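A short worksheet on the structure shown next.
Residue numbers begin at 1 in each chain, while the letters A, B, ... track the order of the sequences. Note that the coordinates shown come from a computational prediction; the quantities given were computed from them, not determined experimentally.
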Amino acid sequence: MDYQFKDIEKKWQQFWADNNTFKAENNTNKPKYYVLDMFPYPSGAGLHVGHPLGYIASDIFARYKRLKGFNVLHPMGYDSFGLPAEQYAIQTGQHPSVTTEANIATYRRQLDQIGFSFDWSREVRTSLPDYYKWTQWIFMQLFNSWYNKDADKAESVAKLVAHFENNGSAGINAVCDEEILSFTAAEWKAMNEQDQQAELLKYRLTYLRESTVNWCAALGTVLANDEVKDGFSERGGYPVEQKKMTQWSMRITAYAQRLLEGLDKIDWPEPLKEMQRNWIGKSVGASVRFPLDKTTHLSQLTTDYIEVFTTRADTIFGTSFLVIAPEHELVTALTTPEQKADIDAYIIQTKKKSELDRMADTKTVSGAFTGSYVTNPLNGDKIPVWIADYVLAGYGTGAVMAVPSGDQRDYLFAKHYNLPVIQIMDIQNIETEADPTKEGKYVNSDFINGLTYKEATAAVVARLEEKGLGKAKVNFRMRDAIFGRQRYWGEPVPVYFKGGLPYLIEEKDLPLLLPEIDKYLPTESGEPPLGRATNWSYNASPKSSPKERTSEEADSSLSFGEGRGEAYAYELSTMPGWAGSSWYWYRYMDAHNDKEFASREAIEYWRDVDLYIGGSEHATGHLLYSRFWNKFMKDIGLVIEEEPFKKLINQGMIQGRSNFVYRLIDDAGRGTNTFISHGLIKQFNTSAIHVDVGIVENDVLNLNKFKTFRPEFADADFILENGKYICGVEVEKMSKSKFNVVNPDDLIERYGADTLRMYEMFLGPLEQSKPWNTNGIEGVFKFLRKFWRLFHDADWNFNLSNAEPTKAELKSLHKIIRKVEEDVERFSFNTSVSSFMIAVNELTDLKCNKRAILQNMVIILEPYAPHICEELWVLLGNEAGTLSYATYPKFNPAYLVEDEFSYPVSFNGKMKTNVSLSLSLDVKEIEEAILAHADVQKYLDGKTPKKVIVVKGRIVNLVI
RNA sequence: GCUCAGAUGGUGGAACUGGUAGACACGCAGGACUUAAAAUCCUGUUCCCGUUAAAGGAGUGCGGGUUCGAUUCCCGCUCUGAGUACCA
């Protein structure tokens, strides 16, 4: 039989499913290997050819490792809480769980037909109660922990309380809110329960705090910084504004330094690490206190100084004014009566500016003088205090010392408002712009005059510390992560409120189920959708989704919780999208455990992810939060490894490749029904129209299909070139409206899954972004047919010989063994596809039909094209289902050694000739034989070369 | 603006630590088989000059450098893509 991919693929997919062929064991003597994909959000659109790219790569690697004798964990699941299902629910009333189930079914069908070796028995879905039970449980652990800076790790709040009871707040060095109280043990014990809880909340790793959030009115929720792009929501592109709200936050900043340091120990792409480093944004500098000038001031001030953060403490003598953010807490107190009108007007003007305006408008200088002064802490100079919106309230202390000679923004501000510009370096050129140089010696700088940058910085910081007016300080750009969303379709926060303070529900009551509600919209009073819930309940039986829950199961219902305003009520916001994905790789280790998130034994065996493949778009979201939760879980002894993902590969984005037809425009400017081939459009007035890539092959339009593409094209005319209509091409995002979505189902229907898998790899380097182009897929399909043919005779009978392989056949085999091993280990899958083609071409030329060669070929090819290989494996007489655990053939270099070798000979680096010699020669003999050769003599033309260079015993260069 | 990645035939791409640039595939051209088409197979295919064949020259975005030898290393520039943005 010819290669019948449809029958073969269906048969083996069924076999793998029926026999749990890829089920991973938690107890074996084999070494473990954990290959993880970023699990998908099951969207309604299903998979396009870009989605499986990373999954195919990881599947090849997982299958390869299995053949190499590893116990491989290669699971898949769904990140199934998310906005689109909820948006759909608002529009249609369809419960999000129903939409989600349907989408998952589509995803599963599409994934199955590509032939992945996933262990589906470990599937997870973040929206199921038996999963989010543990997401809630981890939230509770975070709530019950604080960060001890002295131990540099998270510790339990119980320990903190014990310390308070014995020693008061003294001796605690914590990452916490700024306005903590200081108290003795006796004072602590004298506090009432409510005050104690309020104080503890300032230490907890997940805590409630009023903060400025990114509010998206259209989505009715807050968004994390990484969910906002250019002032618009990443999902949906709605405007986002700043708003003060009381929100759950995660104290990720406690881990800033460890998140930064950990990057040096993991094998991730450098650009991705760089993105995380920038996001964490460590800057080393000093905080400096500028004492307020009491002669100008103003009784309501509660502080004696303004604190700034600077990375250039050495420039302090160049400070000619101070700028604080318009939102700074001291603004009102600092404003003198004469300046009040100016300041108020400026604040109103700033508030009106949207985030977008502020960004578009970075060149305009604006600000206002408060009327107050501070003094320079080192020389007592009187310095005016201004407000301006180029200073951000959220970074550092929200105040800067302005050094116009060294900072361009300060320079422009000083020029605009006629403030002094003080030169501080002898070689500084400040005629037209600021010069931030660190070269040269200081001038106009008191006791650091004449020093260099290095000496000066240390001297200034030392003097500030001596005076108690400053100290060296490290600042991070990263903010604590907002952890609440005003949405329905997410994990309920396992918290209720009493007296306005949050308390955890009891662990034994987990999970707190997502209640049913009548409408998926905020309440009339503006509460999140969960404000509508009247039937909160605990403890669903495993596997049930909210929709499937029966009334008996819900009989532990509690009927309070109308809203946060009640004396005793549930939290109404839900967790953000990243909650469920921040620990899911541990659940795969022990997916059905209902006692723990994963058993200790499972965690000790699997430990961490050896290889993680996914897109770089998660660099500052999922990948950062996961590292954060992992470090926390390690601190409290839940897991073993400091970093969760040892090696990470980013697969590139697959872009769309759009095709265009060109409609002729008539003299009146109207579109006609005549279409011009792409090569001829310069001669006509045309307009480009997207055309479905499905009716175009190799950029040639199928005219008949085009006529049925849309009714108005039914009687289209064409102006052709060489009898063909050639379409235009452009690379764009893959999207339905551009008619450039290529569906894997169609390709599998036409060429089969093995061809699709190999073609996706053949397309180019895994990590590189590239447009999808189906044009070359035939080549891979032909290759698989040739491979099939190697095992069959002219009448399609399976026909192999047991004869001894020839030397040439063994050479072909061992070349490919070595090549594929090298390629897979360095994730260069595209080049190994080419090497397979070369090997099969060679074996075809040799008319090879030797069992000893071809059985090994089947094993090597299995990771790439598993279906055809399974089929051939059984035809070879092996038991079905044993291929995945066959022994990978061992490379033997002896087969590649040749008797004679053709030495390329170059003259002054330019290739001129080849000389065939016996391989047994040593370097000296090669030199002599080369020089004696007639062709070489001809090129030398009587001259003697100055030098003869033999490289790696293979290449010869003569220097004349 | 800053940071990072990249630029190789008509196209996707290969060349691993500096050592025969263009593997492999698509496309294209020609041929075989066929009544014909499809399928399959064979040959050619970087550019220029030339041709019966040969021989020669140029060539990895641009300009320099190091080296016997550079797609690869160094310096400067152009362009493209990604991330980030008043971060003090």
Side-chain angles (χ1 to χ4, degrees), chain A residues 2 229-230 269-275 277-279 281-283 285 308-312 315 323 358-359 361-365 388-392 394-403 406-410 412-413 436 475-478 616-617 619-620 652-653 655 657 698-700 722 729 731 759 762-765 767-780 782-783 785-786 789 819 822-823 826 828 830-838 841 844 902-914 945-952 954-960:
Chain A
D2 198 354
K229 295 272 179 280
D230 298 334
E270 204 45 52
L272 194 83
K273 289 190 190 179
E274 199 57 32
M275 278 163 73
R277 283 191 195 106
N278 289 338
W279 189 262
K282 180 178 182 174
S283 48
V308 305
F309 175 75
T310 178
T311 52
R312 289 292 302 273
T315 65
V323 189
R358 259 171 101 155
M359 276 195 302
D361 192 27
T362 55
K363 298 226 169 62
T364 317
V365 177
D389 65 3
Y390 79 83
V391 173
L392 304 175
Y395 183 76
T397 60
V400 304
M401 58 180 226
V403 183
D407 184 284
Q408 185 59 20
R409 292 156 307 172
D410 297 345
L412 291 172
F413 197 86
N475 219 351
F476 292 96
R477 177 164 54 198
M478 184 167 66
S616 60
E617 66 271 21
T620 52
M653 277 248 284
Q655 295 139 303
R657 187 178 185 278
N698 289 325
D699 298 332
V700 176
N722 304 325
V729 174
V731 174
Y759 184 61
F762 183 69
L763 215 50
E767 304 192 56
Q768 189 177 301
S769 285
K770 58 230 162 200
W772 177 265
N773 184 352
T774 311
N775 289 353
I777 198 168
E778 294 275 353
V780 174
K782 276 189 220 165
F783 156 76
R785 268 215 305 236
K786 271 190 209 168
R789 202 162 292 160
K819 178 73 169 126
E822 282 174 3
D823 285 349
R826 65 191 170 105
S828 180
N830 55 326
T831 53
S832 38
V833 175
S834 294
S835 306
F836 278 122
M837 292 179 177
I838 296 169
N841 283 342
T844 304
S902 176
Y903 289 83
V905 182
S906 58
F907 295 80
N908 286 339
K910 298 215 169 192
M911 256 301 297
K912 292 287 185 186
T913 188
N914 281 291
K946 284 184 205 144
K947 229 200 283 186
V948 181
I949 301 162
V950 180
V951 185
K952 297 177 187 171
R954 297 179 73 87
I955 291 161
V956 183
N957 187 33
L958 306 178
V959 184
I960 304 167

Categorize [X] for me: base, sugar-phosphate, or nothing, with a 4.0 angstrom heavy-atom threshold over every strand shown.
X: A:N841; answer: sugar-phosphate
X: A:N908; answer: sugar-phosphate
X: A:K786; answer: sugar-phosphate
X: A:K782; answer: sugar-phosphate
X: A:R785; answer: sugar-phosphate

Next item on the list: Could you pull out all residues at least two apart from A:S834 that satisfy side chain to side chain contact (heavy atoms under 4.5 Å, CB included)?
Entry: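 Per chain and number, A:S834 pairs via side chain to side chain contact (heavy atoms under 4.5 Å, CB included) with A:F762.
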Next item on the list: Using both pair distances under 3.5 Å as the test, note the stems of at least 3 consecutive Watson-Crick or G-U pairs that include RNA chain B.
Entry: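 In RNA chain B, stems of three or more pairs: B:1-7 with B:78-84, B:10-12 with B:24-26, B:27-32 with B:40-45, B:46-48 with B:56-58, B:61-65 with B:73-77.
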Margin query: If you assign A:K947 and A:S616 each to the RNA chain B nucleotide with the nearest heavy atom, which residue ends up on the more 5' nucleotide?
Written below: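 Result: A:K947.
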Check: Between A:G776 and A:N957, which is nearer to the 5' end of RNA chain B once each is assigned its nearest nucleotide?
Finding: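 It is A:G776 whose nearest nucleotide is closer to the 5' end.
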Next item on the list: Please state the P separation for the pair B:A23 and B:G10 - nearest whole angstrom.
Entry: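 After rounding to an integer number of Å, I get 14 Å for this pair.
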Margin query: Between B:G61 and B:U80, how many Å separate the two C1' atoms, rounded to a whole number?
Written below: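 One C1' to the other, the span is 11 Å.
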Notebook entry, point to check: With the sugar-phosphate defined as primed atoms, P, OP1 and OP2, and the base as all remaining atoms, what B/S/- string results for nucleotides 4-17 of chain B, 5' to 3', for protein heavy atoms under 4.0 Å?
Noted result: S-------BSSSB-
What integer distance in Å separates [X]:[atom1] from [N]:[atom2]?
X: A:I777; N: B:A25; atom1: CD1; atom2: P; answer: 16 Å
X: A:Q408; N: B:C87; atom1: CD; atom2: C1'; answer: 16 Å
X: A:L272; N: B:U84; atom1: CG; atom2: P; answer: 12 Å
X: A:D389; N: B:C87; atom1: CG; atom2: P; answer: 13 Å
X: A:L958; N: B:G19; atom1: CG; atom2: C1'; answer: 14 Å
X: A:F309; N: B:C87; atom1: CZ; atom2: P; answer: 13 Å

Note to self: Within 90° of 0 counts as syn, otherwise anti: where does B:G12 fall?
What the structure shows: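 Here B:G12 takes the anti form, which means its glycosidic angle is more than 90° from 0.
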Note to self: So, does A:Y395 get its side chain near the phosphate of B:A88, meaning an N or O under 4.0 Å from OP1 or OP2?
What the structure shows: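 For A:Y395, the contact criterion (side-chain N or O under 4.0 Å from OP1 or OP2 of B:A88) is met.
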Notebook entry, point to check: Between A:R409 and B:C87, does any side-chain N or O lie under 4.0 Å from OP1 or OP2?
Noted result: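 Looking at the OP1 and OP2 atoms of B:C87, one of them is under 4.0 Å from a side-chain N or O of A:R409.
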Notebook entry, point to check: How about A:N957 and A:K947: does a side-chain donor come under 3.5 Å of a side-chain acceptor?
Noted result: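 A:N957 vs A:K947: no donor-acceptor pair found between side chains.
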